[in-house]
2 protein chains.
Amino acid sequence: MSASDQSGDHAADLLRLDEFLPYRLSVASNIVSETIAATYRSHFGLTIPEWRLVAVVAEGAGLTQRDIVTRTRMDKVTVSRSARALVDRGLLLRRARSEDRRSHELVLTDAGEDLHQRIGAQARAIERAIFGRFDPEELAGFDSMLRRVNDAALALLEGEG
Amino acid sequence: MSASDQSGDHAADLLRLDEFLPYRLSVASNIVSETIAATYRSHFGLTIPEWRLVAVVAEGAGLTQRDIVTRTRMDKVTVSRSARALVDRGLLLRRARSEDRRSHELVLTDAGEDLHQRIGAQARAIERAIFGRFDPEELAGFDSMLRRVNDAALALLEGEG
DNA sequence: GTAACATAGTTACAAATGAAACGAATTTGG
DNA sequence: CCAAATTCGTTTCATTTGTAACTATGTTAC
């Protein structure tokens with residue numbers, strides 16, 4: 001990796017894109033996302049933000065949009081639009097909250113639950129197709145790295161502005 | 001990882017987003033990209049595609065836009081627009097190719113080379129800030145996983161359409 | 001040679017995205 | 001209480017992004 005390449009020669013001054021981890025992370029992530037997005041769209045007519053909303057609400061019924069923004073770091077406008085689209089399709093319900101009438105509790109309809117089940121199966125199938133070939137130790141390491149990279153970048157981003 | 005969670009109980013049917021590797025990959029990648037994009041924009045007035053173009057051309061002067069599309073998997077429209085923006089700013093030159101007048105060889109101007117040096121230093125600083133705390137073995141493993149994930153997803157995407 | 005096809009790149013248009021302004025409800029400070 | 005400030009969510013608008021159509025050049029097959 002180039003960050004650990006601290007030899008003082010001239011070549012070290014050139015940034016090789018292919019060895020630049022953020023670049024590689026981005027490319028890998030985009031290809032995986034494209035693969036998944038293609039499936040969600042063709043099989044279920046859902047965008048990635050919509051599907052994420054379904055997944056999050058399935059895990060924690062009764063969350064507000066604000067809760068979801070906080071959890072997923074999606075933009076609040078994206079969440080708003082996704083929620084509306086899902087409500088329009090009869091997959092999501094908004095229940096009034098007596099304690100705060102600005103926001104609503106989001107819950108899946110039966111159709112929404114059903115869709116979540118089917119997408120979940122599909123999502124795991126893709127995950128298996130991509131990650132299934134690696135051994136558990138490698139995966140655990142990868143997973144742990146992602147979490148720590150996430151935290152480190154977040155600290156940078158929020159720390160420095 | 002959830003794909004390896006094959007216990008037969010009910011909870012196994014629920015997809016926990018937080019344990020879904022493609023999701024985690026995407027979130028981590030987005031945060032890292034945001035961090036870097038903020039720096040490029042504020043320090044150099046460059047978008048990420050523009051900066052990538054600079055980096056790729058710096059590595060292989062004389063490439064055509066098509067070459068860059070192939071190498072980086074950027075969209076050809078994105079490459080076209082980035083190239084134009086860089087030419088307008090005096091960072092990039094287009095040299096005619098006698099063998100094919102549809103395309104041009106791209107090379108950095110002196111100003112472009114200079115910018116590349118400065119950005120490179122900055123980019124490595126960010127990489128170090130995010131990835132510098134991990135030990136070389138972990139990084140090597142992470143790097144290798146990214147490459148293999150990339151290849152596996154690509155095979156899926158291109159194989160199945 | 002030339003008609004059909006393919007390729008590099010741009011342009012025009014449409015969809016997705018996010019920042020800023022806004023309306024409505026709630027909280028805070030006096 | 002009530003005015004100011006804050007928060008949740010939506011809407012509006014500008015920017016970004018990519019698909020599709022197009023121009024220009026190049027290649028292939030007859």
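Throughout, a chain's letter reflects where its sequence line sits, starting with A, and its residues are numbered from 1. The analysis underlying the following values was restricted to heavy atoms, covering all of them including side chains, and did not include hydrogens, waters or symmetry mates.
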For this session: Rounded to the nearest angstrom, tell me the gap between atom CZ in B:R97 and atom C1' in D:dG26.
Result: 11 Å

Exercise. What class does the angle between the rings of A:F131 and A:F142 fall in, given that below 30° is parallel, 30 to 60° is tilted and above 60° is perpendicular?
Worked result: tilted

Seminar exercise, completed: In this structure, CZ of A:R41 is separated from CD1 of A:I48 (nearest 0.5 Å) by 9.5 Å

For this session: Give me the first and last nucleotide of DNA chain C, going 5' to 3', that has any atom under 4.0 Å from a heavy atom of chain A.
Result: C:dT17 to C:dT26

For this session: Nearest whole angstrom, please: distance from the C1' of D:dC8 to the CZ of A:R66.
Result: 7 Å

Problem set entry | Interatomic distance where CG belongs to A:D88 and P belongs to D:dT10 [whole Å] | 11 Å

Problem set entry | Distance-only donor-acceptor test (3.5 Å): side chain A:R94, base D:dG9 | no

For this session: Verify whether one side chain among A:T78 and A:R52 offers a donor that lies under 3.5 Å from an acceptor in the other.
Result: no

For this session: Rounded to the nearest 0.5 Å, what's the gap from CG on B:L154 to OG1 on A:T35? Could you check?
Result: 8.0 Å

Exercise. For the residue pair A:F20 and B:W51, does the interplanar ring angle fall in the parallel (under 30°), tilted (30 to 60°) or perpendicular (over 60°) class?
Worked result: perpendicular

Exercise. Has the side chain of B:R101 got a donor or acceptor that lies under 3.5 Å from a partner of the other kind on the base of D:dT25?
Worked result: no

Exercise. Taking CG from A:L53 and C1' from D:dG9, how many angstroms apart are they, rounded to a whole number?
Worked result: 13 Å

Problem set entry | Between C1' of D:dT10 and CD of A:Q65, the distance in whole Å | 9 Å

For this session: Determine the contact category for B:D75: base if any of its heavy atoms lies under 4.0 Å from a base atom, sugar-phosphate if only primed atoms, P, OP1 or OP2 are that close, otherwise nothing.
Result: base

Problem set entry | Closest to side chain of B:K76, choosing from D:dG9, D:dA21, D:dT19 | D:dA21

For this session: Take atom CZ of B:R102 and atom P of D:dT25, then tell me their distance rounded to the nearest Å.
Result: 10 Å

Exercise. For the atom pair CG (A:D67) and CG (A:L106), what is the distance rounded to the nearest 0.5 Å?
Worked result: 8.5 Å

For this session: For A:T47, report the nucleic acid contact type (base, sugar-phosphate, nothing); a contact means any heavy atom under 4.0 Å.
Result: nothing

Exercise. Roughly how many Å is it from CD1 in A:I68 to P in D:dT10, rounded to a whole number?
Worked result: 11 Å

Seminar exercise, completed: dist A:S80:OG -> A:M74:CE (nearest 0.5 Å) comes out at 11.5 Å

For this session: Provide, to the nearest angstrom, the distance between the CD atom belonging to A:E34 and the P atom belonging to D:dT17.
Result: 14 Å

Seminar exercise, completed: Assert: residue with more 5' nearest nucleotide on DNA chain C, out of A:S98 and B:T64, is B:T64

